[in-house]
Amino acid sequence: MYRTVTCGELRIADVNKEVVLAGWVQRIRKMGGMTFIDLRDRYGITQLAFEQGNESQTALFEQAGKLGREYVVQATGVVKERYSKNDQLSTGDIEIEVTKLVVLNPAIVPPFTIEDETDGGDDIRMKYRYLDLRRSVVRRNLELRHRMAFEVRSYLDKHGFLEVETPVLVNSTPEGARDFVVPSRMNPGQFYALPQSPQTLKQLLMVSGFDRYFQIVKCFRDEDLRADRQPEFTQIDCEMSFVEQEDILQMFEGMTRHLFKTIKGINLPALPRMSWHDAMKYYGSDKPDTRFDMRFVELMDVLKGYGFSVFDNAAYIGGICAKGAAVYTRKQIDQLTDFVRRPQIGAKGLVYARIEADGTVRSSVDKFYTQDQLAALKNAMSAEPGDLILILSGDDADKTRKQLSELRLEMGSQLGLRDKNKYSCLWVVDFPMYEWSDEEQRLMAMHHPFTSPKPEDIPLLDTDPAKVRANAYDMVINGVEVGGGSIRIHDAKLQEKVFEILGFTPEQAQTKFGFLMNAFKYGAPPHGGLAYGLDRFVSLFAGLDSIRDCIAFPKNNQGRDVMLGAPGVIDQVQLDELQLKVEKKN
Ligand code: ASP
């Protein structure tokens, strides 16, 4: 037997037991006649003690002194009460008086310290990810991920969902993101695509009568990467038949509540619902961070027409009221101005107004407004003495709202209103069916082309498609879109029409989606569903800014796995088999 106990389980009640442990040498402390070793495994750390005593002890003592960090060792010994206890460790009351030590495998010196606070930078940690994963801070994220996936399965199983696997080698689908493709050796010149989501397949399972499906599934999107994006990511993908939007919201609000309860011990209140329209109007974002208020107030009526040309020419003027921020210095406000002017945000400038202790308003545009007019501003913003009003304007209302949204989030962070241990969840509902794409000069599906319009908006498909609202919904937690879905179209004719509005000719629609539209002709039940981003959900629960550390082997910003060296070149033989030609780069 390699071990009788793990490194995390011995307590004071185990004193005098003879035990065998195995693990990695985390730390060696030599203190004169004593040597202490922290032995680590997945479960914890146990202290091994070696004393330079009589002859047999001395041999062990010397053996211990020769161990190096990360050696894999087996230690046999007796559990003793520690002289000086460590209340930071669950095993901190005891130590092992070692009677036998076996080196199972030596180790070369790791390139960074395997500690919670490591000296390893991102790149080196990723290159040696297997060592990084020895660190308990990273390992705990994967343990959390496991627990969450487990609780998801448990909840969905209890509610009659079946987990069905769908293929990874599928077809390229237009709309959505760019596909990853895989050449087919047996069909030269032809390619599979990796699924961006199992969307159409889960809908076909509904046509098959599966009624309640889920799958914890890898999805692939060849997009530019950000902190919350990876080229491959995991979805909790779900679909239900004979449901309306309300049924889905209830079922998955239940799942979210189950996760919060079982994992975090939090009883989530009923999730509020906000229309997409209100989310954009009050937060400038379809995923508002509602941990704090600071809603937008439109100021067109209040500030336009008084001779300040920037406002007079604006299509939108909006402000936020930062409570207690009148103490901001000139320098801090200049920094905020620089912040909104950064190219990623793109505002031209920032107007501010401080509410002084006596209630007077001091603004950066004082010369254009009387104190009465500024008092009207204060009223409109419900501002009080000590508050700071920040105002953006622009000739494109939607763009300006997005800029104001960034400023709002920044102020929320600066004022400490975005506490990672606080959770604010909501549903955003009533998304528009379409959004205009400047790039493509056409309407694009906001969610995806299988989303059903709201029945009352169907007539608008012929007259004003841009106004059609969809039966689509997102779950947002702390400003992160953790899930989203929709009621689907189950009528072949309506699906044809939606494809037509998206600019597909009937032939194109038939080639790409004929399989789905034909399936609908064989009796498709009304159905709908949604998918959660598991990585994002876990990172929220773990309090991480990036999804990377809740993925065992993530890719970097260039989409590379620096440990595996992927992507890499392939042999000429493989290329020939695939009938692919690759220009050699020098
Ligand atoms: N397939 C969708 C997505 O990946 C989610 C859904 O509509 O179920 O966003």
Side-chain angles (χ1 to χ4, degrees), residues 152 156 161-168 170-180 193-207 210-223 228-241 243-245 247-253 255-256 276 286-287 427-435 444-454 469-477 480-490 495 498 502 512-513 516 524-537 547:
V152 163
L156 292 175
F161 285 77
L162 295 179
E163 186 161 20
V164 182
E165 288 171 87
T166 52
V168 170
V170 294
N171 239 352
S172 174
T173 43
E175 299 290 306
R178 216 176 281 117
D179 291 311
F180 280 101
L194 305 182
Q196 296 186 23
S197 88
Q199 184 60 39
T200 49
L201 293 158
K202 67 174 169 176
Q203 291 189 243
L204 292 175
L205 288 172
M206 293 304 107
V207 177
F210 274 80
D211 201 66
R212 291 180 173 198
Y213 142 97
F214 86 103
Q215 184 179 192
I216 299 188
V217 60
K218 273 289 174 74
C219 301
F220 306 86
R221 295 182 191 172
D222 190 2
E223 293 178 301
D228 63 348
R229 283 217 182 128
Q230 283 272 310
E232 53 177 299
F233 57 97
T234 305
Q235 287 198 339
I236 306 165
D237 191 45
C238 310
E239 198 75 8
M240 301 170 78
S241 288
V243 286
E244 291 174 343
Q245 173 166 314
D247 302 302
I248 300 210
L249 298 189
Q250 300 272 347
M251 176 65 71
F252 291 96
E253 193 165 324
M255 188 184 94
T256 305
W276 176 88
D286 56 7
K287 40 179 193 296
W427 288 107
V428 176
V429 296
D430 301 347
F431 278 77
M433 273 288 272
Y434 303 106
E435 62 187 333
M444 308 269 286
M446 192 143 192
H447 187 49
H448 53 55
F450 317 106
T451 295
S452 170
K454 284 198 175 291
R469 288 167 310 154
N471 264 332
Y473 32 80
D474 275 356
M475 183 179 280
V476 176
I477 305 182
V480 176
E481 178 203 327
V482 287
S486 59
I487 294 298
R488 326 299 184 186
I489 297 168
H490 62 280
Q495 186 67 69
V498 166
L502 291 170
K512 286 288 174 196
F513 298 113
L516 187 71
H527 61 286
L530 84 181
Y532 284 86
L534 179 65
D535 314 282
R536 284 185 189 170
F537 217 151
I547 62 172

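The model shown is predicted, which means the values in this text are computed figures rather than measured ones. For ligands, and for the atoms within them, numbers begin at 1 and follow the listed sequence.
With a 4.0 Å cut-off on non-hydrogen atoms, Ser197 touches ligand 1 through its side chain and not its backbone. Contacts of Gln196 with ligand 1, taken as heavy-atom pairs under 4.0 Å, are absent altogether. The side chain of Arg488, and not its backbone, has at least one atom closer than 4.0 Å to an atom of ligand 1 (non-hydrogen atoms only; side chain from C-beta on).
The atoms of ligand 1 that sit less than 4.0 Å from any heavy atom of Leu530 are 6 (C), 8 (O). Near Ala531, with a cut-off below 4.0 Å to any heavy atom, the atoms of ligand 1 are 5 (C), 8 (O). Counting atoms of ligand 1 from 1 in the listed order, those under 4.0 Å from a heavy atom of Gly485 are 6 (C), 7 (O).
Among the atoms of Asp237, none of the N or O lies under 3.5 angstrom from an N or O of ligand 1. For ligand 1, the polar-atom distance check finds an N/O of Arg221 within less than 3.5 Å of one of the ligand's N/O atoms.
Glu244 meets the side-chain contact (heavy atoms from CB on, under 4.5 Å) test with Asp247; sequence neighbours excluded.
Between the side chain of Gln196 and the backbone N or O of Ala177, at least one donor-acceptor pair lies under 3.5 Å. With hydrogens and angles ignored, the 3.5 Å screen pairs a side-chain donor or acceptor of Arg178 with a backbone N or O of Asp222. In this structure, Glu163 contributes its side chain and Ile216 its backbone to a donor-acceptor pair below 3.5 Å. The closest donor-acceptor contact from the side chain of Arg536 to the backbone of Glu481 lies under 3.5 Å.
Between Glu232 and Lys218 there is a salt bridge, since at least one side-chain N of the basic residue sits less than 4.0 Å from a carboxylate O of the acidic one.
Relative to atom 8 (O) of ligand 1, the option among His448, Gln203, Lys202 with the closest non-hydrogen atom is Lys202.
Residues Gln215 and Lys202 form no side-chain contact, since every pair of their non-hydrogen atoms from C-beta on lies 4.5 Å or further apart.
Nearest protein neighbour of atom 2 (C) of ligand 1, counting heavy atoms only, is Gln199 OE1, 3.6 Å. Remark: minimum distance from atom 9 (O) of ligand 1 to any protein heavy atom is reached at His447 CE1, 3.9 Å. The protein non-hydrogen atom at the shortest distance from atom 5 (C) of ligand 1 is Gly484 O, 3.4 Å.
Ring geometry for Phe214 versus Phe161: interplanar angle over 60°, hence perpendicular rather than tilted (30 to 60°).
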